[in-house]
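For ligands, and for the atoms within them, numbers begin at 1 and follow the listed sequence.
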Amino acid sequence: MKICIFGAGAIGGYMGVKLAQAGAEVSLVARGPHLKAMKEHGLRLIEEDGEVTVPVTAAEDPAELGPQDYVIVTLKAHSVPPVVPKMAPLIGEHTTIVSGVNGVPWWYFHKIGGPLEGTRLASVDPGDAQWNGFGPDRVLGCVVYPAAEVTEPGVIKHIEGNRFSLGEPDGSKSERAVALSQALSAAGLKAPVRPRLRDEIWVKLWGNLSFNPISALTHATLDVLCTDPGTRAVARGMMLEAQEIAEKLGVKFPIDVEKRIDGGAAVGAHRTSMWQDLDMGRPMEIDALVGSVQELGRLTETPTPTIDTVLALVTLRARMAGLYHG
Ligand SMILES: NC(=O)C1=CN([C@@H]2O[C@H](COP(=O)(O)OP(=O)(O)OC[C@H]3O[C@@H](n4cnc5c(N)ncnc54)[C@H](OP(=O)(O)O)[C@@H]3O)[C@@H](O)[C@H]2O)C=CC1
Ligand SMILES: CC(C)(CO)C(=O)C(=O)O
């Protein structure tokens, strides 16, 4: 089974080391000093109980790697549409694309059934680049739970978690989902195949939608913003609006908003990825994490006053930092 990880930064690098260590036929697409370091010295993974360095097959040009059974996309959401044409050499007749990106996935309305079947989302797939470029039938969904960071070129620090939930857009337990789940499990990762992946997408998204922009705006860590009465109320407001949208789309939430916010507080003094991106002058995943929910609000005719307010503030914050051009 040939697996290529496209965008082998924090999450893709973590997955890549685990798969390589387990002897899987895995290759990584990366760029810049990080690619140079991993080609010259291998890819180093630092975990709580020790560290390991593994030699990896890595390239910037996918043409060097050829058609794959699975392409696992672990780019930031806004980086995917522009590179779709570049991925063409990786894609053969039976290639599965695994979307390991936070936020509302571009394939959300594929095989969902009902009146919104086949709806495209401009916030996450402008110009239908992925829908038309990959074709939604190739897609296997994935919710990424681990936290990791690239601490220096060629070095990944794992922070917590090892679950990558997988799910078919139609909820079936397909052969391709089971085969990938087995490969990831053999590499020591948790990879359950879920019949209702969209429910998990929303529980994860609840946090990213609210905690990430609030932290970027306030520079408060999760423990603080989830317990301060004012910002907790803003997060709650955003989440309740998202819940109304999601439930109109058939989602069932297994927990309530208060429990989800308490879970965020329990993570501790964590700087969200959106705040880290702002600090480091990197584009922020505003469209995928917040704009997409506003777009779904419009589609389902659900008012989103709190989401609209926070989206306006964080978008202007990003624009003033020269990090948002939408
Ligand atoms: N990190 C985390 O803890 C978590 C992340 N996620 C989600 O996972 C996804 C990936 O995040 P993360 O791993 O943190 O992101 P990273 O930025 O660490 O990884 C993406 C990598 O792709 C590289 N890249 C970008 N464009 C190209 C290109 N055209 N060709 C080759 N390489 C390219 C980037 O290089 P460069 O640096 O040069 O841009 C970077 O190394 C995001 O959607 C994120 O929200 C989900 C849960 C937790
Ligand atoms: C903060 C957290 C854990 C949830 O919002 C996250 O996923 C991020 O930093 O992007």
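- T315 places no side-chain N or O within 3.5 Å of a backbone atom of A312 that could act as its donor or acceptor partner.
- Remark: distances from the non-hydrogen atoms of E149 to ligand 1 are all 4.0 Å or more.
- Each of the following atoms of ligand 1 lies closer than 4.0 Å to a heavy atom of K204: 46 (C), 47 (C).
- Of the candidates K86, E160, Q276, K86 brings a heavy atom nearest to atom 30 (N) of ligand 1.
- E160 places no side-chain N or O within donor-acceptor distance of the main-chain N or O of P146, the cut-off being under 3.5 Å.
- Of the heavy atoms in E60, none comes closer than 4.0 Å to ligand 1.
- Rounded to the nearest 0.5 Å, atoms CH2 (W202) and OH (Y108) are 6.0 Å apart.
- Checked by atom type and distance alone, the side chain of S79 never pairs as donor or acceptor with a backbone atom of L75 at under 3.5 Å.
- When non-hydrogen atoms are compared, ligand 1 lies under 4.0 Å from neither the backbone nor the side chain of M15.
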In sequence, state the C-alpha distance, the side-chain angles, and the governing distance for T304 and E241, and then conclude on side chain to side chain donor-acceptor pair (under 3.5 Å).
CA-CA 6 Å; T304 54; E241 289 166 16; 4.9 Å; no
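- Residue nearest to atom 48 (C) of ligand 1, selected from P146, A147, G12: P146 (by heavy-atom distance).
- Distance alone, capped at 3.5 Å, places no donor-acceptor pair between the E60 side chain and the V29 backbone.
- Nearest residue to atom 1 (N) of ligand 1 from A148, P33, A288 is A148 (criterion: closest heavy atom).
- The shortest separation from a heavy atom of A30 to ligand 1 is under 4.0 Å, placing the residue in contact.
- Ligand 1 does not have H158 within reach: every non-hydrogen atom of the residue lies 4.0 Å or more from it.
- By heavy-atom distance, the residue among V144, I11, L75, L35 lying nearest atom 9 (C) of ligand 1 is L75.
- Between K36 and E40, at least one side-chain N (NZ, or NE/NH1/NH2) sits under 4.0 Å from a carboxylate O, which counts as a salt bridge.
- Here the two rings, on W206 and F253, have centers that are under 6.0 Å apart.
- Between H78, R282, R31, it is R31 that holds the heavy atom closest to atom 27 (C) of ligand 1.
- Geometrically, R163 engages Y145 in a cation-pi contact, judged by NZ or CZ lying under 6.0 Å from the ring centre and within 45° of the ring axis.
- Heavy-atom distances between P82 and ligand 1 stay at or above 4.0 Å for every pair.
- Annotation: S79 places no N or O atom under 3.5 Å from an N or O atom of ligand 1; distance criterion only.
- Atoms of ligand 1 found under 4.0 Å from any heavy atom of G100, numbered from 1 in the order shown, are 8 (O), 9 (C).
- The backbone N or O of I91 sits nowhere less than 3.5 Å from a side-chain atom of T95 that would complete a donor-acceptor pair.
- Heavy-atom proximity to V83, at under 4.0 Å, picks out these atoms of ligand 1: 29 (N).
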